[in-house]
Structure formats: structure tokens, C-alpha cells
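Keep in mind that what you see is a predicted model, and the values were worked out from it rather than measured.
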Amino acid sequence: MASSDHLLALIENTPDLRELLRSPFGFDIGRKRYGDGLRLASGAPLEPIAGESAGGAYFLCAGKAGRRPVVFASSEGEGGLIADDLADALEIVIGLAWQDCLTFSGRGDVEVMQVSAQHLERSLTRGNPELAEERATAAAALSLRVVPVADLVVRLHTAASRTEPDYVVTTDDGDAYDPPFGDLSEPRHGGWR
């Protein structure tokens, strides 16, 4: 498995890959400044590695057992663990509408997340018929796998469920971000279409 430093260097030095990860996948290493002033509740620092267009930020945490967990903090005040290392995080970012899957999780119910993921996947592929090809291209460039959506949901749920107590995101003032799981099971107006 590639190290976080290797993956970040590969993205930085491969303009086509950098652009592909920025859009459509929302992982933009040019937005490292997002998330200034955030840390873990333990006081441990977070290393910003990327941002996304809505103002959220991806961070590497201090290593555990040779792996550096990845935390995401949204601009709306939700945050937490999304993966045990950058390779896992990138497989989730590339293969799953993961932020919406967390939003429509019914407070972290993995079955609700599976249903949401399937609806989101249909919507994404309708809006971007080239998505499967873009996923395959990004994964191959990073020497990662294209993982089935159902497996990614389980991985995301497992990681996000471990946010407390070690991966709670806080501001410099000590204000804690909300947990990553949203209350909704489906969109409010009209449900899934």
C-alpha cells in the first residue's frame, strides 16, 4: 500500500490526476488552506492535505500502526474520521458520494446508508455518464482499486462510527464539530427520485 506522502506527491506532480480528483471527486490539494484553526479534541494537530469547493477540508492525523487516519471537516460544522489511511480515503472519495451518504444516514444506520448510496449512485451516473471511466482512471493512476459501492459504505460507516472520542474535530476555541452522521434518511422535499 502506498504511503500518504507518496500518494500526495503523485497527485501534486500529475496535473491530469490533480484536476480529475478536484472535479468530479471534490479532493483538491490546491485548497490546503481550508480548515485553518482546527485540531482534534485531544489537542493533537491536523495536517491539511486538501479541500473541496464547499469549504470542507481533508486532514491527516498522527500515525497509528504505520497508518495515518484521514479526518474531514465540513464548512457547516460536521466532521470526523472517514478512513484509516489516505489510500482508503481516496477509494471512498473516488467511488462513493460519501458526504451525501453520511448526510442521509439516519444517524448512522448502515442500512439507510446503503439505500442512500444506491439512490445517489443512480443520480450521479445519470448526471455524468462518464463517471465509471473517471473512477477507473483515477484509481489506476493512484494504484488503487475501484471498490463496489456497498463495500465503500461499510468502510465509511465503520470509520465514521469511530469518530468519538479520538477523532472529534474542534476549533482552536474548543468548540466541537458535530458528528459526521446526519439525521435524514432521504431528501426532505420529494424523497429520492
- request: List the steps and the verdict of side chain to side chain contact (heavy atoms under 4.5 Å, CB included) for M113 and L102.
  value: CA-CA 7 Å; M113 290 175 71; L102 287 173; 3.9 Å; yes
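- Side-chain atoms of F59 and V70, non-hydrogen and from C-beta on, never get closer than 4.5 Å to each other.
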message: Does V71 form a side chain to side chain contact (heavy atoms under 4.5 Å, CB included) with L38? I'd like the steps, not just the answer.
response: CA-CA 11 Å; V71 165; L38 299 180; over 6 Å; no
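- Under the 4.5 Å side-chain criterion, counting only non-hydrogen atoms from C-beta, L20 is not in contact with D16.
- Side-chain contact between W98 and I82 is present, with heavy atoms from C-beta onward closer than 4.5 Å.
- Judged as a side-chain hydrogen bond (donor to acceptor under 3.5 Å, both in side chains), and not counting sequence neighbours, D36 has no contacts.
- Under a cut-off of 6.0 angstrom, the local environment of CD in E111 is sparse, with at most 12 non-hydrogen atoms contributed by other residues, nucleotides or ligands.
- Residues E78 and T103 form no side-chain contact, since every pair of their non-hydrogen atoms from C-beta on lies 4.5 Å or further apart.
- Panel note: side chain S116, backbone F104; a donor-acceptor pair is recorded below 3.5 Å.
- A single hydrophobic cluster is seen to contain both L90 and L124, as judged by linkage of ILVMFWY side chains at heavy-atom distances under 4.5 Å, directly or through other members.
- Expressed to the nearest 0.5 Å, how far OG of S3 lies from CG of D85 amounts to 10.0 Å.
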field: Derivation of the side chain to side chain contact (heavy atoms under 4.5 Å, CB included) call for L60 and L46
entry: CA-CA 6 Å; L60 286 175; L46 293 169; over 6 Å; no
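- V110 and V115 sit in two unconnected hydrophobic clusters of ILVMFWY residues. Membership requires side-chain heavy atoms under 4.5 Å apart, directly or through other members.
- Counting only heavy atoms from C-beta outward, the side chains of L40 and D166 never approach each other to under 4.5 Å.
- With contacts defined as side-chain heavy-atom distances shorter than 4.5 Å, the pair T163/P179 does not qualify.
- Formation of a donor-acceptor pair under 3.5 Å by the T14 side chain with backbone atoms of L10 is found in this model.
- The pair D84-R162 meets the salt-bridge criterion, since a charged nitrogen lies less than 4.0 angstrom from a carboxylate oxygen.
- We find that R68 and E47 are joined by a salt bridge, their nearest charged nitrogen and carboxylate oxygen being less than 4.0 Å apart.
- Distance alone, capped at 3.5 Å, is enough to place a donor-acceptor pair between the S42 side chain and the A44 backbone.
- Tested against F72 for a ring-ring contact (aromatic ring centres under 6.0 Å, His included), the candidates Y177, Y167, Y58 yield a single pass: Y58.
- Applying the salt bridge (Lys or Arg N to Asp or Glu O under 4.0 Å) rule to R155 yields the partners D88, E91; only residues at least two apart in sequence or on another chain are considered.
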Got a list of side-chain donor-acceptor pairs under 3.5 Å for residues 134-149, not counting sequence neighbours?
residue : atom : partner : partner atom : Å
E134    : OE1  : N128    : ND2          : 2.8
R135    : NE   : I94     : O            : 2.9
R135    : NH1  : E121    : OE1          : 3.3
R135    : NH1  : E121    : OE2          : 2.4
R135    : NH2  : G95     : O            : 3.4
R135    : NH2  : E121    : OE1          : 3.2
T137    : OG1  : E133    : O            : 2.9

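- With values rounded to the nearest 0.5 angstrom, D151 atom CG is found 12.5 Å from L156 atom CG.
- Using a 4.5 Å heavy-atom threshold, the side chains of D28 and E52 count as separate.
- Note that the CG atom of L120 and the CZ atom of R122 stand 9.5 Å from one another [nearest 0.5 Å].
- Without hydrogens or angle criteria, D173 side chain to D175 main chain gives no donor-acceptor distance under 3.5 Å.
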task: Go through I29 and I49 one step at a time and tell me if the side chain to side chain contact (heavy atoms under 4.5 Å, CB included) criterion holds.
output: CA-CA 6 Å; I29 64 169; I49 56 170; 5.9 Å; no
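- Side-chain contact between R31 and S53 is present, with heavy atoms from C-beta onward closer than 4.5 Å.
- The backbone N or O of S105 lies less than 3.5 Å from no partner atom in the side chain of D109, so there is not a single donor-acceptor pair.
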